[in-house]
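For reference, the structure discussed in these notes is given below.
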Amino acid sequence: MAKYKLEYIWLDGYTPLASLRSKTQIKEYASFPTLAELPNWGFDGSSTQQAEGKSSDIVLKPVAVFPDSTRKNGVLVMCECYQHTGVASPSNSRATIPDDPDTWFGFEQEYFMYKDGRPLGFPEGGYPAPQGPYYTGVGYKNVGCVAREIVEKHIDICLDAGINLEGINAEVAKGQWEFQIFGKGSKSAADQMWVARYILTRLCEGYGIDIEWRCKPILAPFNQPLDWNGSGMHANFSTKYMREVGGKEYFEKLMEAFNKYRDEHIAVYGPENHLRLTGLHETQSIDKFSYGVADRGASIRVPHSFVNNGYKGYLEDRRPNSAADPYLVAGRILKTVQTVPTK
Ligand code: ADP
Ligand code: MN
Ligand code: MN
Ligand code: MN
Ligand code: MN
């Protein structure tokens, strides 16, 4: 028997930007615990905007489990929140995703590292050299001296956890980075994304750095966007039908459905997205829907491979922003896809 540190992780009730919360309980197991061996737990929802003071207990239900190599006998336990009546909490966005083991998602998470209230590498009260050398950049003047150390540790902790982190790159703005997460099963990539966000946020504590998830943090006075890229969370998706049958006719019906539900998509694609989806900086504007082959200015980018394979494969919805909840994004995309009949 050994004592395991179980870190229960959940989303709080803050809107429009939920934060991660977590707490540890120690339990004895003969070996690394399986999901079925992890008990429900609870917390005081009145402290997280998830309950009134009078009846404040919220139930934590484990839904995914990952090894935590940063702690001896560490376990990361992603949880859903339920009220004591058994009804999902309003903050439980995971409960909105239709179950489908054959839907795959790949999310590209962009983010800024922030130190002393500004992007890492920005001089106090000013701006660094304009964008250009930072994207996929190398060298102290482009990426500074701790960012890469953090990013490297993040990769290793995620891989140790069994998270399908597929890659990283320095992004267009200074202090901006990206990582990609892939998962098979409609909820898997989003579970892994939230845990990868948790790992990165916690890792940065020791560096005096916070992660800025908001999509357009660098603004001039009066909220005027400057010539600095915002952060997205492009959502790549495919269902079994898209991968194996597809076809031009089905694709066009799919795009009609995405056009029809444009507002429903935008509603869950992250706060302040009007600041980012402007039609500039490789985005489509927020009130338009468009798609195009290899078009990074479209709402949905159709990869060359998709067309070359007879309209089969995955599509990239470029609209979700860096602060969006991947549970809501995955749920909305799958709901829209499911409105289109397959033959
Ligand atoms: P880019 O920056 O050119 O848009 P990335 O390489 O950053 O491309 O991201 C591509 C994403 O597509 C990855 O997250 C990958 O996991 C995902 N992906 C690849 N194939 C599929 C698929 N069949 N279904 C869903 N997602 C996929
Ligand atoms: Mn207590
Ligand atoms: Mn990318
Ligand atoms: Mn990117
Ligand atoms: Mn992309």
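First listed ligand is number 1; within each ligand, the first listed atom is number 1. For clarity, every value in this text was computed on a predicted model and none was experimentally measured. Start at 1 with the first residue, then count along the sequence.
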For this session: Mind running ring-ring contact (aromatic ring centres under 6.0 Å, His included) on Tyr269 and His265 for me, showing each step along the way?
Result: CA-CA 6 Å; Tyr269 280 2; His265 282 260; 5.4 Å; yes

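- A cation-pi arrangement is found for Lys23 relative to Trp41, the charged atom lying closer than 6.0 Å to the ring centre and inside a 45° cone about the ring normal.
- Here Glu110 has no heavy atoms under 4.0 Å from ligand 1, in either its backbone or its side chain.
- At the top of the distance list for atom 24 (N) of ligand 1, counting protein heavy atoms only, stands Ser238 OG, 2.8 Å.
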Exercise. When you look at Phe182 and Phe107, which way does the ring-ring contact (aromatic ring centres under 6.0 Å, His included) test go after all the steps?
Worked result: CA-CA 6 Å; Phe182 176 75; Phe107 295 112; over 10 Å; no

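- From the protein, the heavy atom lying nearest to atom 1 (P) of ligand 1 is Glu108 OE1, 3.4 Å.
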For this session: Start with the C-alpha gap between Asp44 and Ser47, add the side-chain angles, then the distance that decides, and say whether side-chain hydrogen bond (donor to acceptor under 3.5 Å, both in side chains) holds.
Result: CA-CA 6 Å; Asp44 168 16; Ser47 301; 2.9 Å; yes

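- Of all protein heavy atoms, the one lying nearest to atom 11 (C) of ligand 1 is Asn236 ND2, 3.2 Å.
- Note on Arg94 versus Glu80: salt bridge recorded, some NZ/NE/NH1/NH2 to OD/OE distance being below 4.0 Å.
- Counting only heavy atoms from C-beta outward, the side chains of Phe251 and Leu315 approach each other to under 4.5 Å.
- Within ligand 1, the atoms closer than 4.0 Å to a non-hydrogen atom of Arg301 are 1 (P), 3 (O), 4 (O), numbered from 1 in the order shown.
- Considering only non-hydrogen protein atoms, atom 4 (O) of ligand 1 sits nearest to Glu316 OE2, 2.9 Å.
- Glu108 has its closest N, O or S atom to the Mn ion (ligand 3) at the position named OE1.
- Glu178 has its closest N, O or S atom to the Mn ion (ligand 3) at the position named OE2.
- Relative to the six-membered ring of Tyr291, Arg301 misses at least one condition, a distance below 6.0 Å or an angle of at most 45° to the axis.
- Among protein heavy atoms, atom 27 (C) of ligand 1 sits closest to Phe182 CE1, 3.8 Å.
- Within the 4.0 Å heavy-atom cutoff, Met242 does not count among the residues contacting ligand 1.
- Proximity of Trp104 to ligand 1, defined as any heavy-atom pair under 4.0 Å, is shared by backbone and side chain alike.
- Arg318 does not count as a contact of ligand 1, since none of its heavy atoms falls under 4.0 Å from the ligand.
- Atom 6 (O) of ligand 1 lies below 4.0 Å from none of the non-hydrogen atoms of the protein.
- In terms of heavy-atom proximity, Leu17 sits nearest to Arg214 at CD2-CG, 3.7 Å.
- Vertex the Mn ion (ligand 5); arms to Glu316 OE2 and His234 ND1; angle rounded to 10 degrees, 90°.
- Electrostatic pairing of Arg262 and Asp287 does not count as a salt bridge here, judged by no charged N lying under 4.0 Å from a carboxylate O.
- Checking only distances, Glu178 does come within under 3.5 Å of ligand 1, N or O to N or O.
- Of the protein's non-hydrogen atoms, Tyr314 CE2, 3.8 Å is the one closest to atom 19 (C) of ligand 1.
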For this session: Any chance you could lay out the ring-ring contact (aromatic ring centres under 6.0 Å, His included) test for Trp10 and Tyr198, step after step, and finish with the verdict?
Result: CA-CA 10 Å; Trp10 70 95; Tyr198 177 87; 9.8 Å; no

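- Using a 4.5 Å cut-off on side-chain heavy atoms (C-beta onward), Met113 and Lys115 make no contact.
- For ligand 1, the atoms closer than 4.0 angstrom to any heavy atom of Arg296 are 3 (O).
- Follow the hydrophobic side-chain contacts under 4.5 Å out from Val77 and you never reach Ile163; the two are in separate clusters.
- Looking only at protein heavy atoms, the nearest one to atom 16 (O) of ligand 1 is Glu166 OE1, 2.5 Å.
- Within ligand 1, counting atoms from 1 as listed, the ones closer than 4.0 Å to a heavy atom of Gln180 are 7 (O), 14 (O).
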